[in-house]
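Remember, it's 1-based here, ligands and their atoms both numbered in the order they're listed. Being a predicted model, the structure only gives us computed values, none of them experimental.
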Amino acid sequence: MEFYLKASLKTSADPAVGKEDIEKIMAEAEKTILAKGAPEGEGAKIKSWTLGDKSIDVELTSGRYVRVHDAAMRLKKAFAESLGKTHKIGIRGVESETFTITVPADRDLKNKNIPYVKSVDFKDGNLILALEVGEAEMRNQVPDRILTLIEDKLEQGDYGAKAEHWNLLWESADRPFPYTNDPTEDMLKEGWLKRGSSRGQWIHGPVTTRLFRVFEQIVFDEILVPLGYDEMIFPKMVMWDVWKHSGHAKGIYPEIYYVCPPKTRDPEYWEDVMDYYKVTHEVPVEMLKDKIGDPIGGMCYAQCPPSWGFFQGETIATESLPVLIFDRSGTSHRYESGGIHGIERVDEFHRIELVWLGTKEQVVETTQKLHERYMHIFNDLLDLKWRKAWVTPWFMAQEGIAGVAADEVTGTTDYEAPLPYRGSEGEWLEFQNVSINGEKYPNGFNVKSQSGEKLWSGCSGVGLERWTAVFLAQHGLDPENWPPEVQKRFGKMPKQVKFL
Ligand SMILES: Nc1ncnc2c1ncn2[C@@H]1O[C@H](COS(=O)(=O)NC(=O)[C@@H](N)CO)[C@@H](O)[C@H]1O
Ligand SMILES: [Zn+2]
């Protein structure tokens, strides 16, 4: 991998008078300023240099240490000091005439439309990127981010094949499946729910709503109350800034529902739209496009990121750790891939999101306790056939990164269950997960601990549609066949609205 930069350091006067000083700096630079911070012999190299009538023109090459743009800044500083003192010549700025990054690659890039990249050529097993950057971009590490972007793409395969990591951790004993219908079809027949007008959206009648609340009650009784979680309300419209801190801004765009404000709330501004509708009974979507502002963010997607605004920039007292909170205040929205089927994979869903933060030990211990409580719930209360698997951490998957986390403690455990109607080879459904997210969020949101110890966090998403889909797929719709702990909480079947 090689960086190449042909730069022109603009001088305030003809630099010829300082030729001796410049020669001295150029002669020593590779051993001094251009070597600092690099392993032996891996600093930046001066390929050539000449003096213009108001510039010092230099060709630099480097590997990944003392990169050419950093080398140019170091030369600028050295010239400014030496020429400034002795000859009152200042360095006005650094201009890059040619800036290329050459990276070994086994294939060309699909997307060549990268900021500050003029061209991408794939030749003789290398990607050669020509950059168009100014001094500000060179100072602001833009070339470094471009290199990282390319290396990530080459490593991950250009998006597409996100090889999901999956390792079985535990599986419950088999149990008979007396019911093998598709519960969504039977629920539709029973009138328990109806499709909403939006893609992947359902309107839940009294029965499924009651079932959601029964599962929620079980989470309260078995986890939130005994383990001391406090309820909070996390925002449900998520601004770009939150997703920049959480990392979602790296890869969330294909799957969010965007939020745009009106450009103004002045009714006159909207009169033509209203008149258009009143006359045509059609909503003039084209007209709306010009009247709404840019997307300010999106609807709730991962549910926990906005909670970090509560802790951002704070130092948490030792006595408050571990913080154990949860949110169930609203919906999550995802523009899921096609083939939205049943209630198991929807665009609008309801989740209880548990978040815990503390020292690494506290987070690991809290996570362990959660796994024990879930084990009890799924074995003894919901009486499910289910399993747990160690998978690519959800926060990596949501940034388009495959593989597993750096250390073996950080990561996501998916809880999955078979849906009998899918058949014995049918794909199991992830109905919730538990994750240790390491330092990611406290770092991302700059949250410190009184003791100065690094804070860790974890989160667990309990999908109520998913619990319901798994539970009904395995137990059927007749409460008579449900486990007593669910029947007890469910009570009498709510009266159904009768349609004629
Ligand atoms: N499209 C969907 N439909 C229904 N439930 C979903 C959908 N997407 C996610 N969920 C539920 O939300 C849970 C967590 O989602 S996740 O993306 O895996 N993880 C996260 O977002 C973490 N922040 C924990 O919530 C899933 O296990 C599932 O129960
Ligand atoms: Zn989460």
Side-chain angles (χ1 to χ4, degrees), residues 162 164-166 184 196 198-202 204 208 212 215-216 219 229 232 234 236 238 242-243 245-248 251-252 254-257 298-308 324-357 363 367 370 374 378 386-400 410-417 419 428-438 440-442 444-445 456-471:
K162 255 183 289 186
E164 287 293 318
H165 182 87
W166 191 93
T184 302
S198 176
R199 182 183 191 274
Q201 177 189 62
W202 292 89
H204 287 279
T208 45
F212 277 30
F215 293 143
E216 214 172 84
V219 174
Y229 281 75
M232 283 178 63
F234 303 167
K236 292 293 170 280
V238 188
V242 171
W243 280 332
H245 286 282
S246 71
H248 284 86
I252 197 175
E255 292 193 13
I256 53 174
Y257 278 91
M299 295 301 289
C300 171
Y301 179 88
Q303 199 160 343
C304 53
S307 69
W308 286 96
L324 308 173
I325 53 177
F326 72 95
D327 166 87
R328 50 155 182 177
S329 69
T331 50
S332 295
H333 298 262
R334 295 185 181 188
Y335 190 75
E336 288 285 2
S337 58
I340 301 287
H341 183 81
I343 64 164
E344 44 259 32
R345 194 157 52 115
V346 290
D347 279 24
E348 175 174 310
F349 60 96
H350 305 75
R351 170 180 35 183
I352 306 170
E353 176 80 4
L354 289 76
V355 176
W356 52 100
L357 65 141
V363 165
T367 309
L370 263 185
Y374 282 133
F378 301 130
W386 63 287
R387 69 189 180 197
K388 289 193 288 190
W390 185 250
V391 297
T392 297
W394 66 273
F395 54 84
M396 281 171 58
Q398 290 178 11
E399 289 177 22
T410 302
T412 293
T413 301
D414 273 359
Y415 283 64
E416 306 173 345
L419 304 178
W428 290 39
L429 181 71
E430 173 200 330
F431 58 90
Q432 68 164 47
N433 60 18
V434 174
S435 302
I436 292 182
N437 301 323
K440 183 178 174 65
Y441 293 107
F445 289 90
W456 275 43
S457 78
C459 70
S460 172
V462 174
L464 294 174
E465 277 81 1
R466 298 286 176 89
W467 275 37
T468 302
V470 165
F471 180 80

From the list His333, Glu255, His248, Gln398, side chain to side chain donor-acceptor pair (under 3.5 Å) partner of Tyr301 resolves to Glu255
Rounded to 10°, the SG/Cys459 to the Zn ion (ligand 2) to SG/Cys304 angle comes out at 120°
What protein heavy atom is closest to [atom], reported as residue, atom name and distance in Å?
atom	value
atom 19 (N) of ligand 1	Asn433 ND2, 3.2 Å
atom 25 (O) of ligand 1	Glu353 OE1, 2.5 Å
atom 3 (N) of ligand 1	Val346 N, 3.3 Å
atom 28 (C) of ligand 1	Arg466 NH1, 3.7 Å
atom 10 (N) of ligand 1	Phe349 CE1, 3.4 Å

Taking the six-membered ring for Trp, is the centroid-to-centroid distance between [X] and [Y] below 6.0 Å?
X	Y	result
Phe215	Phe471	yes
Phe326	Phe234	no
Trp467	Phe378	yes

Just distances here: any N/O of [X] and N/O of ligand 1 closer than 3.5 Å?
X	result
Ala302	yes
Arg334	yes
Arg345	no
Tyr301	no

Using the rule given for side chain to side chain donor-acceptor pair (under 3.5 Å), can you reason through Asn437 versus Trp394, listing the C-alpha separation, both sets of side-chain angles and the distance that settles it, and then say yes or no?
CA-CA 9 Å; Asn437 301 323; Trp394 66 273; 3.0 Å; yes
I need the atoms of ligand 1 closer than 4.0 Å to a non-hydrogen atom of [X], numbered in the order shown.
X	answer
Gly461	13 (C), 24 (C), 25 (O)
Gly463	29 (O)
Glu336	1 (N), 2 (C), 8 (N)
Cys304	23 (N)

At a non-hydrogen distance cut-off of under 4.0 Å, which region of Phe431 contacts ligand 1 (side chain, backbone, both, or neither)?
backbone
Please work out whether any backbone atom (N, CA, C, O) or any side-chain heavy atom from C-beta onward of Gln432 is under 4.0 Å from ligand 1, and answer side chain, backbone, both or neither.
backbone
Taking atom types as modelled, find out whether Ser460 and Tyr374 have a side-chain donor-acceptor pair closer than 3.5 angstrom.
yes
Going by atom types only, do Thr367 and Trp356 share a side-chain donor-acceptor pair under 3.5 Å?
yes
With atom 21 (O) of ligand 1 as the reference point, say which of Gln303, Glu255, Arg351 has the nearest heavy atom.
Arg351
From His350, His333, Glu430 - option closest to atom 27 (O) of ligand 1 by heavy atom
Glu430
The atom of Glu353 among N, O or S that is nearest the Zn ion (ligand 2) is OE2
Using the rule side-chain contact (heavy atoms from CB on, under 4.5 Å), only one of Pro305, Ser332, Ser329 pairs with Cys300; which is it?
Ser332
Ionic contact status for Glu216 with Arg351, cut-off 4.0 Å
no
Closest non-hydrogen atom pair, Gly342 against Trp202:
O-NE1, 3.2 Å
Please determine if Arg334 forms a cation-pi arrangement with Phe349, meaning its NZ or CZ atom is less than 6.0 Å from the six-membered ring centre and no more than 45° off the ring axis.
no
Atom OH of Tyr335: over 12 foreign heavy atoms under 6.0 Å:
no
